[in-house]
Amino acid sequence: SQMRRRQAAAEKILNHMRQHSGKLVEQALLVSDELIRVAILWHEQWNEGLDEASRLYFAAHDIPGMLHILQRLHKMIEKGPETVCERLFQQNYNNDLIEAQEWCNKYKLSNSEADLNKAWEIYS
């Protein structure tokens, strides 16, 4: 997809820049992550991410792309909440999200779309 090509191109540029200014790149990524974290709430990130993952799975049948988006979202919350809004999100959704993630992990072992369907019953 176009998004993956852009991401690969950006990663290639960042890797090249790391060779010359590794510390500066890491600091810039930290600032970028923090700006995104405070500008876009977890709830918004999950809504947008689930919309995109759903489109990839149900319309484009791109399971690896869907799993990549879901994995990124789960990694975000695994770091733990840092704000009141993030704590509330975790209190409200953490158990369901863990269960849905477990179904995705089962799919990785079984390749059974029934496992993904169970995950999507929870994500929906």
Side-chain angles (χ1 to χ4, degrees):
S1 75
Q2 186 176 2
M3 184 175 80
R4 282 196 187 160
R5 286 191 298 274
R6 286 181 182 174
Q7 184 177 6
E11 287 175 4
K12 185 177 178 180
I13 291 168
L14 282 173
N15 287 335
H16 182 70
M17 290 174 65
R18 275 189 184 98
Q19 294 173 356
H20 301 285
S21 306
K23 186 165 180 82
L24 181 62
V25 169
E26 294 308 314
Q27 290 172 340
L29 289 172
L30 179 63
V31 169
S32 173
D33 288 344
E34 279 301 301
L35 287 173
I36 290 169
R37 188 182 64 77
V38 298
I40 305 172
L41 300 175
W42 278 6
H43 192 272
E44 295 168 318
Q45 291 182 58
W46 271 90
N47 278 336
E48 291 175 17
L50 288 175
D51 284 347
E52 178 66 12
S54 173
R55 186 192 63 74
L56 288 172
Y57 180 55
F58 293 106
H61 306 290
D62 179 1
I63 293 173
M66 174 207 67
L67 289 172
H68 176 76
I69 289 172
L70 294 173
Q71 182 180 17
R72 183 175 42 103
L73 291 168
H74 283 286
K75 280 185 179 183
M76 176 183 71
I77 62 172
E78 285 171 3
K79 293 177 185 177
E82 295 182 25
T83 67
V84 172
C85 288
E86 290 172 357
R87 275 192 285 286
L88 289 172
F89 180 90
Q90 189 176 49
Q91 288 172 359
N92 288 329
Y93 302 107
N94 197 53
N95 291 338
D96 288 338
L97 294 176
I98 288 171
E99 183 181 355
Q101 184 180 33
E102 288 171 355
W103 282 110
C104 289
N105 290 338
K106 286 179 185 178
Y107 167 79
K108 292 175 186 176
L109 298 173
S110 71
N111 284 327
S112 170
E113 287 199 38
D115 291 335
L116 291 180
N117 290 332
K118 294 273 190 185
W120 277 106
E121 287 176 15
I122 298 165
Y123 286 131
S124 297

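Keep in mind that the numbers below use all heavy atoms, side chains included, and drop hydrogens, waters and symmetry copies.
Between the CD atom of Q90 and the OG1 atom of T83 there is a distance of 10.5 Å, given to the nearest 0.5 Å. Between atom CD of residue E78 and atom CD1 of residue I98 there is a gap of 8.5 Å, rounded to the nearest 0.5 Å. The NE2 atom of H68 sits 16.0 Å away from atom CD1 of I63, with the distance rounded to the nearest 0.5 Å. Between M76 atom CE and E86 atom CD the span is 8.0 Å, to the nearest 0.5 Å. Note: E52 CD to M66 CE = 12.0 Å, rounded to the nearest 0.5 Å.
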Notebook entry, point to check: Where do L50 and L70 land on the side-chain contact (heavy atoms from CB on, under 4.5 Å) test, with the steps shown first?
Noted result: CA-CA 7 Å; L50 288 175; L70 294 173; 3.6 Å; yes
Check: Between L24 and M17, does a side-chain contact (heavy atoms from CB on, under 4.5 Å) hold up when you go through it step by step?
Finding: CA-CA 9 Å; L24 181 62; M17 290 174 65; over 6 Å; no
Next item on the list: Check the pair W42, Y93 against side-chain contact (heavy atoms from CB on, under 4.5 Å), reporting the backbone distance first and the verdict last.
Entry: CA-CA 11 Å; W42 278 6; Y93 302 107; over 6 Å; no
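For S124 (side chain) and W120 (main-chain N/O), a donor-acceptor pair under 3.5 Å exists by modelled atom type.
Of all non-hydrogen atoms in D115 and S110, the two that sit nearest each other are OD2-OG, 2.5 Å. The two residues Q45 and I40 make their nearest non-hydrogen contact at NE2-O, 2.8 Å. Nearest approach of L41 to C85, heavy atoms of both residues: CD2-CB, 4.3 Å. The shortest heavy-atom contact between A119 and A100 is CB-O, 3.6 Å.
Residues passing the side-chain hydrogen bond (donor to acceptor under 3.5 Å, both in side chains) test with Q71: none are found, sequence neighbours excluded. Annotation: side-chain hydrogen bond (donor to acceptor under 3.5 Å, both in side chains) contacts of E99 (sequence neighbours excluded): none.
The side-chain hydrogen bond (donor to acceptor under 3.5 Å, both in side chains) pairs that include a residue from residues 11-23 are Q7-E11, N15-R18, R18-E26, where partners are two or more places apart or lie in different chains.
Looking at R55 and D51, their side chains never come closer than 4.5 Å, going by heavy atoms from C-beta outward. Residues L88 and H43 form no side-chain contact, since every pair of their non-hydrogen atoms from C-beta on lies 4.5 Å or further apart. Side-chain atoms of L97 and Y123, non-hydrogen and from C-beta on, do get closer than 4.5 Å to each other. At a threshold of 4.5 Å between non-hydrogen side-chain atoms, the residues L116 and L67 count as touching.
Residue W46 is grouped with residue F58 when hydrophobic side chains (ILVMFWY) are merged at heavy-atom distances under 4.5 angstrom, including chains of intermediate members.
For N117 and Y57, the side-chain atoms include at least one donor-acceptor pair closer than 3.5 Å.
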